[in-house]
Number of protein chains: 2
Amino acid sequence: MALGKDYDGQRDCAMARGLELIGERWTMLIVRDAFYGVRRYSDFLAHLEMPRAVLAERLSALTAAGILTKRRYQESPAREEYLLTDAGLALWPVLASIGTWSARYVMGGKVHRLYTHADCGERLVGGSVCPLCGVVDPAEVELRPGPDADLEREDPVSVALREPKRLLVPIRA
Amino acid sequence: MALGKDYDGQRDCAMARGLELIGERWTMLIVRDAFYGVRRYSDFLAHLEMPRAVLAERLSALTAAGILTKRRYQESPAREEYLLTDAGLALWPVLASIGTWSARYVMGGKVHRLYTHADCGERLVGGSVCPLCGVVDPAEVELRPGPDADLEREDPVSVALREPKRLLVPIRA
DNA sequence: TGCGTAGGTTCGTTGACTGAACCTAGGAGT
DNA sequence: ACTCCTAGGTTCAGTCAACGAACCTACGCA
């Protein structure tokens, strides 16, 4: 966001303070991709089609905020990956509620992605509640393309999401 | 947001499309204030301490998006107010989940505001669920300052929020 | 020697956010 | 009649974040 990402007059409001961390452009889409199993800079980049500099800045901000952790998964050549922390995992209800609202009021009821409870196969309501089992952990959520999905993109993330997959399972072996 | 509020590569994703509408700086705080019972330009302005031009732009964008409606509540002199539509009211779970996450992971567990179910007095979990009665309509939510609240500000909205009040009840008679 | 990949940094340009000033139109006070 | 006040805006110059293209580093491989 331009000129000040914080809301000085709202230090007392949890929503405002939260938005200072997760309310910047691209940030929640990076977190969404992390739930989709994206872990690498290059995969975020190809899927989000955002400026490299902004991605680097956001990844380090999210790491500093304790939402992601950076881990070296290979030495020589050095390779890094970004994983959700507990605080990051706790953001699933936020993403889910945005998705639910938008599916209804922005996408006009078209179903581009389907979320089900991996244990029982039931379709989730509000993105994180199973009508049979109650609140569902993100790791128990399975997603798959819905009837109105667009399956044209060819980046590694879009390709991986063409078949059913659980949240948080990495898109690469 | 600077340079393009939309996410062109993500036309297929409900979360991304939703964020194009509600993800801009200040937008969700305006919606939050609308839930708090704020309806007038000047009250939004005094409480949010944001640039007038941005407020005017956001109010008209939210109106165009069908989240708020503009209504003339008085002729001569002409006075306008902004009210949440059904699509706007449906955003409560989004705000509530952000607030819940932030209260835990950003505010460090301090309780600046308390949300209770107006019918039974029970404290809400996740900002919109009563442990006894289930999912609660925003109009049934009562909020009051918590033990860690900051009660220093003197604008009309902050003053009105110093005592218990239901969401959506206007802050002025 | 050259090419490819992963994970960045640098840099000039564009444009959204900022804050202050200004505008309109009707009351209200003196 | 003149001034001040309120509500709801618009205008404008300056700043700084986002953009995107180019560049960089370090290693592996042919």
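Residue numbering restarts at 1 for every chain, and letters A, B, ... go by the order of the sequence lines. All values reported here derive from a predicted model rather than from experimental measurement.
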Next on the checklist: Under 4.0 Å, counting only non-hydrogen atoms across every strand here, what does V54(B) touch: a base, just sugar-phosphate, or nothing?
Outcome noted: base
Using whole Å, what does the distance between atom [atom2] of nucleotide [N] and atom [atom1] of [X] come to?
X: R79(A); N: dG4(C); atom1: CZ; atom2: P; answer: 15 Å
X: E24(A); N: dA17(D); atom1: CD; atom2: P; answer: 10 Å
X: L29(A); N: dA18(D); atom1: CG; atom2: P; answer: 14 Å
X: I30(B); N: dC17(C); atom1: CD1; atom2: P; answer: 11 Å
X: W26(B); N: dG19(C); atom1: CH2; atom2: C1'; answer: 12 Å
X: E80(B); N: dG26(C); atom1: CD; atom2: P; answer: 14 Å
X: R72(B); N: dG9(D); atom1: CZ; atom2: C1'; answer: 12 Å
X: R40(B); N: dG9(D); atom1: CZ; atom2: P; answer: 13 Å

Between [N] and [X], is there an OP1 or OP2 to side-chain N/O distance shorter than 4.0 Å?
X: S76(B); N: dG26(C); result: no
X: R58(B); N: dC17(C); result: yes
X: Y82(B); N: dG9(D); result: yes
X: R52(A); N: dC23(D); result: no
X: R25(B); N: dT18(C); result: yes

Checklist entry - What orientation do F35(A) and W92(A) show, parallel under 30°, tilted 30 to 60°, or perpendicular over 60°? => result tilted
Next on the checklist: For F44(B) and Y82(B), take the angle between the two ring planes, folded into 0 to 90°, and tell me which bin it lands in: parallel under 30, tilted 30 to 60, perpendicular over 60.
Outcome noted: perpendicular
Checklist entry - Strictly by modelled atom types, are Y73(B) and R40(B) linked by a side-chain donor-acceptor pair under 3.5 Å? => result yes
Checklist entry - So, D33(B) versus H47(B): side-chain donor-acceptor pair below 3.5 Å or not? => result yes
Checklist entry - Considering only heavy atoms, which members of residues 63-71 of chain B lie under 4.0 Å from some atom of DNA chain D? => result K70(B)
Spatial distance of atom [atom1] ([X]) from atom [atom2] ([Y]) [nearest 0.5 Å]:
X: M28(B); Y: M15(A); atom1: CE; atom2: CE; value: 8.5 Å
X: I30(A); Y: R25(A); atom1: CD1; atom2: CZ; value: 11.0 Å
X: Y41(B); Y: E80(B); atom1: OH; atom2: CD; value: 12.0 Å

Checklist outcome for this item: Contacts of P77(A) and E49(A) projected onto DNA chain D by closest heavy atom; the upstream (5') one is E49(A)
